[in-house]
2 protein chains.
Amino acid sequence: MSFSDYFSGLGSSVEIPKGAYLFRQHQEPASLFFIEQGLVKAFYETFDGKEFIKSFIKEGQVIGSLQALVADQSNSFSVIALENCIVKKISRSQLMQCVDSTAHTRGWLNEFLLALAMKKEQREYEFLCLSAAERYLLFCQREAELVPRLSQLDIARYLGITPVALSRIRRRLNF
Amino acid sequence: MSFSDYFSGLGSSVEIPKGAYLFRQHQEPASLFFIEQGLVKAFYETFDGKEFIKSFIKEGQVIGSLQALVADQSNSFSVIALENCIVKKISRSQLMQCVDSTAHTRGWLNEFLLALAMKKEQREYEFLCLSAAERYLLFCQREAELVPRLSQLDIARYLGITPVALSRIRRRLNF
DNA sequence: TGGCAGCATTAACCCGGGTTAATAAATTAT
DNA sequence: ATAATTTATTAACCCGGGTTAATGCTGCCA
């Protein structure tokens, strides 16, 4: 069952232009965002302006800071639109109301947490066991549809390397 | 609320000697283990005998393969006792019965998944944003109690580096 | 159309970690 | 207590990735 089935009544759709923030690390209160159209990136920003990309979220998927939503803290990372997007925003209080009042939503939350935990376990595996080149190849095959929508710079920052290193890897694999 | 409160009636306690497997990658059917006493490590084993440690689990904590439990597949990693242990084993079917029949257990599962997702997000952050030396320092302070119970080899394999590299890092930080 | 800004590639140089191997220290077994 | 095994350290050498900077390339805007 998809997100929109669970939360169809909630929130309103907003347009977010390419390059704009959905929310920013340590700022706004927590919200959940459903991406109806477009593509965004979730990333950590360091004091000196470096970016480390956690994940890419595209149409049909959901993004929000777990720590922020659960513990009612500020967001632990930022989210920015990589394309012009249409998103639906659900505030923490709206979400909590749903979770408390409907078994459906609780079920959805369970599924969401399970999927998230498994995705992060997979990423742990990749950082722990694979080289940068292997991670890149795996990314290209698993996210084939995404690759042409991304810059090398962002792919590199997702893999945990610099764009220079990614360019070298691509040459070695003769792209 | 602790694990033993939820599942006190289930399973029976077993002794596992140091060095023995609780379960092995791609083998046994899925189970959940509650560590009553002792310390175990969860790790991926490669065909050529290398180990990559996912996590250490000590007394009071729970370990089991999510993919195995949820999708009823074989385990995706191995778990071995680092000390003599006493553990309680709950089979997949026992767990599923509980989850279906009692709201308490469903609540516990939710908490467990949430904690797991957040822990893995934290680890993602560390691999993405921190150097090996920084990861080591963070590990030492956050898991101070564990450090003296572990070998350098296993700490290194948890950090994603070789014991040689860890030794060099320790020297740089003059330990 | 020309000029400018951003992105990808390449080169040069440095450094951290991998690998192998030797040594030393600490456990365990006999 | 001694031998045998495991664990930690150190050295030497190599390689991959970081850093900086130069060069193209593309697209955009004035």
Min side-chain heavy-atom separation [X]-[Y] under 4.5 Å:
{"X": "I53(A)", "Y": "K41(A)", "value": "yes"}
{"X": "C85(A)", "Y": "V40(A)", "value": "yes"}
{"X": "F139(B)", "Y": "I155(B)", "value": "yes"}
{"X": "F112(B)", "Y": "V62(B)", "value": "yes"}
{"X": "L128(A)", "Y": "F127(B)", "value": "yes"}

Under the rule for ring-ring contact (aromatic ring centres under 6.0 Å, His included), what residues qualify as partners of [X], not counting sequence neighbours?
{"X": "Y125(A)", "answer": "Y44(B)"}
{"X": "F43(A)", "answer": "none"}
{"X": "F77(B)", "answer": "F23(B)"}

List for me each residue that meets salt bridge (charged side-chain N to carboxylate O under 4.0 Å, His left out) alongside E83(B), sequence neighbours excluded, and say none if there are none.
R149(B)
Sorted by chain and number, sequence neighbours left out, salt bridge (charged side-chain N to carboxylate O under 4.0 Å, His left out) with K58(A) holds for E145(A)
Hey, are R157(B) and E51(B) close enough for a salt bridge, meaning a charged N less than 4.0 Å from a carboxylate O?
yes
Would you mind checking if E121(B) and K119(A) are paired as a salt bridge, meaning a charged N to carboxylate O distance below 4.0 Å?
no
Using residues 158-173 of chain B as the side-chain source, report each donor-acceptor pair under 3.5 Å to any protein atom, sequence neighbours left out, with the distance given to one decimal.
unit_1: Y158(B); atom_1: OH; unit_2: R123(B); atom_2: NH1; d: 3.4
unit_1: T162(B); atom_1: OG1; unit_2: A165(B); atom_2: N; d: 3.2
unit_1: R170(B); atom_1: NH1; unit_2: Y136(B); atom_2: OH; d: 2.9

Under 3.5 Å, N/O pairs linking protein and nucleotides 27-30 of chain C:
none

Could you check which residues of residues 37-49 of chain B get a heavy atom under 4.0 Å from DNA chain C? Sort them by number, please.
none
Angle between the end axes of the helix from dT1(C)-dA30(D) to dT30(C)-dA1(D), five pairs per end, to the nearest 10 degrees?
30°
Within residues 147-165 of chain B, which residues have any heavy atom lying less than 4.0 Å from an atom of DNA chain D?
S151(B), Q152(B), L153(B), V164(B)
Name the nucleic acid region contacted by R168(A), choosing base, sugar-phosphate or nothing; use a 4.0 angstrom heavy-atom cut-off, strictly under.
base
Are side-chain N/O atoms of S13(B) and E36(B) paired as donor and acceptor at under 3.5 Å?
yes
Take atom CD of E15(B) as the centre, draw a 6.0 Å sphere, and report whether it contains more than 12 heavy atoms from other residues, nucleotides or ligands.
no
Produce the list of close N/O pairs, under 3.5 Å, pairing protein atoms with atoms of nucleotides 22-26 of chain C; give distances to one decimal.
none

Would you grab the first and last nucleotide of DNA chain D (5' to 3') that comes under 4.0 Å of any non-hydrogen atom in chain B?
dA8(D) to dA12(D)
